[in-house]
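For reference, the structure discussed in these notes is given below.
FYI, the numbering just counts along the sequence from 1.
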Amino acid sequence: ADDYWKTPAELERDREGDCEDHAVWTIARAFALCPDADLRLVVGDAMTGRHAWVEVGDGAETWWADPTPGYGTPVERPWWFSGRMPLYAYRYDGAHFSEQFAYERKDTG
């Protein structure tokens with residue numbers, strides 16, 4: 001079955017969702033505050049299996065966040081995610097997510 005990504009309003013109404021739903025909510029809210037930021041929903045393998053998280057870039061630095069309740073961390077530099085293997089991502093333009101693109105792994109030092 002296809003995985004349905006909730007809108008931020010649906011997540012707020014339901015007060016529950018999976019990792020993609022929480023990433024979508026976080027990206028939409030971050031875009032409202034910082035429309036020039038490079039926001040990506042990243043999907044990859046984590047210790048518990050397939051997972052989604054948020055990547056935020058400002059041109060100089062990249063920060064990653066895992067907003068999934070009970071699973072993640074607020075915002076950290078990429079080293080916190082060194083045990084994860086990103087596979088693909090989606091960019092957000094303020095209204096839509098881009099088509100899936102292959103994620104080029106960055107140095108997680």
Step-by-step side chain to side chain contact (heavy atoms under 4.5 Å, CB included) determination, L41 to V24
CA-CA 7 Å; L41 188 153; V24 167; 3.8 Å; yes
Quick one: pull up CD in E99 and OH in Y88 and give me the separation to the nearest 0.5 Å.
13.0 Å
Quiz: residues 26-36 side-chain donor-acceptor pairs under 3.5 angstrom, not counting sequence neighbours:
unit_1 : atom_1 : unit_2 : atom_2 : d
T26    : OG1    : H22    : O      : 2.9
R29    : NE     : E12    : OE2    : 3.4
R29    : NH2    : E12    : OE2    : 2.6

If you apply the rule side chain to side chain contact (heavy atoms under 4.5 Å, CB included), what do you find for R91 with D38, and how did you get there?
CA-CA 7 Å; R91 282 194 177 85; D38 180 18; 3.5 Å; yes
Any side-chain heavy atom of W5 sitting closer than 4.5 Å to one from D21?
yes
Test side-chain contact (heavy atoms from CB on, under 4.5 Å) applied to V42 - qualifying residues, sequence neighbours left out:
R40, W53, E55, P86, A89, Y103
Which Ile, Leu, Val, Met, Phe, Trp or Tyr residues join L11 in one cluster when any pair of side-chain heavy atoms under 4.5 Å counts as a link?
W25
Partners meeting side-chain hydrogen bond (donor to acceptor under 3.5 Å, both in side chains) with Y90 (sequence neighbours left out):
Q100
Using the side-chain contact (heavy atoms from CB on, under 4.5 Å) criterion, which residues pair with E16? Sequence neighbours excluded.
K6, D14
Would you please name every residue forming a salt bridge (charged side-chain N to carboxylate O under 4.0 Å, His left out) with D93, sequence neighbours left out?
none
For residues 41-54, which residue pairs qualify under salt bridge (Lys or Arg N to Asp or Glu O under 4.0 Å), counting only residues two or more places apart or in two chains?
D45-R50
